[in-house]
Trainee: 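Below you will find the structure I want to go over with you.
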There are 2 protein chains.
Amino acid sequence: MKIDPRHLEIVAAIVDEGGLTEGAQALGKSQPSVSRSLAQLESRIGTPLFHPGRRPLQPTELGHALAEQGRRVRDADDIAASLVTRYLSGHAGSVRVAGTPVFMDGVITAMLAEFQKEARDVHVHQSYGYADELIQRLNADALDFAVCPLRRDAVPDGFSFQAILPGLNVIACRAGHPLARKRALSLSDIAPYSWIAPPPDSPLFQDLKRAVSSIGVDDFRISFSGGSLASVISVLTESDSLTVLPYAVVFLQRHKNTLTELPLKISHPERELGILTTSDATNTPAATRLKSFVANRFQGLASRILQHQRNVTWRGG
Amino acid sequence: MKIDPRHLEIVAAIVDEGGLTEGAQALGKSQPSVSRSLAQLESRIGTPLFHPGRRPLQPTELGHALAEQGRRVRDADDIAASLVTRYLSGHAGSVRVAGTPVFMDGVITAMLAEFQKEARDVHVHQSYGYADELIQRLNADALDFAVCPLRRDAVPDGFSFQAILPGLNVIACRAGHPLARKRALSLSDIAPYSWIAPPPDSPLFQDLKRAVSSIGVDDFRISFSGGSLASVISVLTESDSLTVLPYAVVFLQRHKNTLTELPLKISHPERELGILTTSDATNTPAATRLKSFVANRFQGLASRILQHQRNVTWRGG
DNA sequence: GATTTTCATAACTTTAAGTTATGTACTCGT
DNA sequence: ACGAGTACATAACTTAAAGTTATGAAAATC
């Protein structure tokens with residue numbers, strides 16, 4: 001015998017509110033409507049759920065038991081309604097994000113952590129990848145969005161690319177590096193020092209090769225290679241080696257007083273860091289919200305970097 | 001935003017059965033009906049619950065989450081349906097029974113325990129009382145039925161009394177009592193022994209007084225009084241005292257070989273043991289079932305007692 | 001016994017869900 | 001790439017349930 005779950009909710013409301021009239025009000029229904037629905041249920045069941053002839057209605061033992069199930073139905077209703085509301089407003093759901101390791105570790109992870117402080121019910125799945133692989137995963141609908149450096153003319157058809165940071169690399173070293181104290185640097189100054197190289201398949205590795213070539217170093221010595229950003233920073237701070245890093249990463253490490261950049265302009269890539277999605281993607285509200293959050297945080301970072309650069313040029317001039 | 005719990009069940013059925021057509025079948029609904037209900041729900045929510053354009057339907061993340069709530073609604077429905085079915089068949093519910101202590105402890109409690117082996121979901125509340133109090137509690141709708149000895153002409157108006165055992169008391173003693181070995185007993189045989197008396201407000205106390213008076217004992221010595229049946233039996237088996245007990249109680253203790261009755265007819269009350277209810281009581285199915293069970297068990301007990309008495313008379317005669 | 005409160009019922013309207021029939025689009029095998 | 005099969009969407013009509021206002025009946029309270 002199938003029982004309409006709305007009828008169970010009616011029984012629960014009458015029991016919990018202490019009477020049919022108050023129960024109807026709690027349910028947003030009219031009193032006659034509830035009276036008839038209850039009568040219909042009792043007729044189907046074949047036994048009263050409230051003691052006959054008593055006012056206000058007093059539940060029988062079976063009435064109490066069915067009210068308990070009615071509460072469970074009401075709870076499920078309430079949770080479902082809350083789920084929908086929070087989902088639609090981007091306060092619930094999951095988001096799959098991936099990006100190049102140096103940016104994920106150096107910049108974005110902290111942003112995601114900050115985002116989750118204010119969005120506890122959003123489940124962020126983060127992973128790594130370089131542009132080619134990220135494009136494949138977006139095509140396969142395995143990612144909501146990716147964050148990676150890309151040249152504007154390299155964005156494939158069917159994708160959208162929202163630039164969030166201009167490409168700018170610097171030569172990085174430990175804060176107390178001998179070269180860091182010099183006002184001007186020549187090739188002979190740099191030549192004696194070894195280099196730390198990022199993984200060979202990374203765009204940063206190409207950036208490194210291009211950078212050292214642009215300052216005239218043809219045969220640079222690599223003392224460490226292939227590590228994560230954390231290990232690169234660790235070796236850098238314990239040696240006099242040099243490396244090439246995105247300026248944003250070095251900028252955000254400043255507060256630790258461990259890294260600095262050499263006052264030497266190197267060729268920077270034509271690439272910009274940006275948020276990559278498929279053009280026809282209908283993102284979930286949570287993904288949309290996180291994208292906006294990340295874009296907004298990068299806008300603030302870009303402003304702070306620009307301000308810092310103006311300060312340094314003024315003081316240095 | 002209120003969500004119809006039946007719609008949650010629909011989402012759950014589609015997800016669990018792997019498709020809309022199978023989900024509709026599981027729910028006992030037609031495929032077009034389910035399709036339209038789902039479309040109505042998605043329209044109200046404002047976002048799809050199943051990925052558009054895919055066959056069979058594949059739930060979105062929100063679809064999965066709402067399906068979980070739909071399972072909870074379905075579970076509550078199933079439990080409610082089972083509750084109703086079991087309640088109506090007397091397999092669930094609670095029953096309030098009371099009776100005179102000597103019968104409750106000596107006969108009925110074991111019956112209730114046997115009943116609950118086959119009716120685990122029936123909750124039996126048992127208590128004690130004598131006729132006057134039991135009548136009051138029945139009137140106050142605080143009991144479903146009572147089991148007590150009563151004379152037919154003493155049944156109040158507005159009550160029903162179903163006799164289940166004729167009144168028959170015996171003088172009881174321990175199995176190895178000296179008097180138990182005698183073929184015939186005289187007043188001088190009995191006079192030296194003390195008596196165990198039941199509580200003074202009990203009908204059995206009146207029976208005791210009437211019984212000893214009927215055999216000519218005018219001034220009987222009481223060595224123990226006021227205890228429960230268990231304590232009376234304990235004292236009886238450890239002494240040569242005598243007492244008056246309903247024969248059914250002694251009969252059911254026979255298997256322990258601790259008690260026996262003296263071969264002496266005493267005046268027995270005009271009372272019969274019976275099931276007492278108010279005439280207009282609409283008992284719950286479980287109470288009805290328990291009443292039938294108790295009446296049935298007493299019928300069997302009466303038959304066994306009668307058979308036993310025939311055996312004893314034949315062997316003895 | 002009168003008044004108030006609570007629920008039941010009547011009459012009518014609206015909404016949702018039932019059906020069969022059929023159309024559309026997706027999936028799978030060749 | 002195309003045809004067949006499968007799964008779901010939609011149309012049209014019917015039925016059932018639930019909405020409303022108005023009012024009656026009975027229980028509870030004073």
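Lettering of chains follows the sequences in order, A, B, ..., and the numbering in each one begins at 1.
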Trainee: At under 4.0 Å between heavy atoms, which parts of nucleotides 22-30 of chain D does protein reach? Answer with one letter per nucleotide, 5' to 3': B base, S sugar-phosphate only, - none.
Mentor: B----SS--

Trainee: Using a 4.5 Å cut-off on heavy atoms from C-beta on, say whether the side chain of A:Leu150 contacts that of A:Glu272.
Mentor: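 When only atoms from C-beta onward are counted, A:Leu150 and A:Glu272 do not touch, as no gap falls below 4.5 Å.
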
Trainee: Given that B:Gln40 and A:Gly18 both sit by DNA chain C, which one's nearest nucleotide is further toward the 5' end?
Mentor: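 Looking at the nearest nucleotide for each, A:Gly18 comes out on the 5' side.
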
Trainee: State whether B:Phe293 and B:Arg289 meet the cation-pi test: NZ (Lys) or CZ (Arg) under 6.0 Å from the six-membered ring centroid, and within 45° of the perpendicular axis.
Mentor: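 No - B:Arg289 does not lie over the ring of B:Phe293 by the 6.0 Å and 45° rule.
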
Trainee: To the side chain of A:Ser35, which of C:dC7, C:dA17, D:dC8 is closest?
Mentor: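 Output: C:dC7.
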
Trainee: How would you label the contact of B:His7 with the nucleic acid (heavy atoms, under 4.0 Å): base, sugar-phosphate, or nothing?
Mentor: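 The residue B:His7 makes sugar-phosphate contact but no base contact.
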
Trainee: Tell me whether B:Gln299 contacts the main-chain N or O of B:Ile164 through its side chain, where contact means a donor paired with an acceptor under 3.5 Å.
Mentor: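 Looks like no, no N/O pair under 3.5 Å.
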
Trainee: Could you tell me how far apart A:Glu9 (CD) and D:dA17 (P) are, to the nearest whole angstrom?
Mentor: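 Checked: the CD to P distance equals 18 Å.
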
Trainee: Taking CG from B:Leu38 and C1' from D:dA7, how many angstroms apart are they, rounded to a whole number?
Mentor: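 Between C1' of D:dA7 and CG of B:Leu38: 13 Å.
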
Trainee: Write down the distance between NE2 (B:His51) and P (C:dT27), rounded to a whole number of angstrom.
Mentor: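 Going from NE2 in B:His51 over to P in C:dT27 covers 12 Å.
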
Trainee: Can you check whether A:Ala287's main-chain N or O pairs, donor with acceptor, with A:Asp144's side chain at less than 3.5 Å?
Mentor: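 Checked: no pair found.
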
Trainee: Are any of the side-chain heavy atoms of B:Arg72 and A:Ile79 separated by less than 4.5 Å?
Mentor: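 In contact.
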
Trainee: Measure from the side chain of B:Leu57, starting at C-beta and using heavy atoms only, and say which of D:dC8, D:dA17, C:dA17 lies closest.
Mentor: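 Looking only at heavy atoms from C-beta outward on B:Leu57, the closest nucleotide is D:dC8.
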
Trainee: Send over the distance from A:Glu17 CD to C:dC7 C1', rounded to a whole Å.
Mentor: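 Roughly 16 Å, once rounded to whole Å.
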
Trainee: I need the CZ-P distance between B:Phe50 and D:dA7, as an integer number of Å.
Mentor: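 It works out to 15 Å between those atoms.
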
Trainee: Round to a whole Å and report the spacing from NZ of B:Lys29 to P of D:dA17.
Mentor: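 Value for this atom pair: 12 Å.
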
Trainee: Out of C:dT19, C:dA16, C:dC7, which has the shortest distance to the side chain of B:Ser30?
Mentor: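 For B:Ser30, the side-chain atoms sit closest to C:dT19.
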
Trainee: Ignoring the backbone of B:Arg36, work out which of C:dA16, D:dA18, C:dT19 is nearest its side chain.
Mentor: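 Of all the options, the side chain of B:Arg36 is nearest to C:dT19.
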
Trainee: Taking A:Arg6 first and then A:Glu9, would you say they form a salt bridge - that is, a charged N and a carboxylate O separated by under 4.0 Å?
Mentor: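 Judged by the 4.0 Å cut-off on N to carboxylate O distance, A:Arg6 and A:Glu9 do not form a salt bridge.
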
Trainee: In whole Å, what is the span from the CG atom of B:Leu27 to the P atom of C:dT19?
Mentor: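 Between P of C:dT19 and CG of B:Leu27: 12 Å.
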
Trainee: In whole Å, I'd like the distance from the CZ atom of B:Arg6 to the P atom of D:dA16.
Mentor: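 In whole Å, D:dA16 P and B:Arg6 CZ are 15 Å from each other.
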
Trainee: Please check: side-chain N/O of A:Ser94 versus main-chain N/O of A:Val124, any donor-acceptor pairing under 3.5 Å?
Mentor: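 Checked: no pair found.
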
Trainee: Go nucleotide by nucleotide along DNA chain D from the 5' end; which of B:Gly19 and A:Asp4 gets its closest nucleotide reached first?
Mentor: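 Nearest nucleotide further toward 5': that of B:Gly19.
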
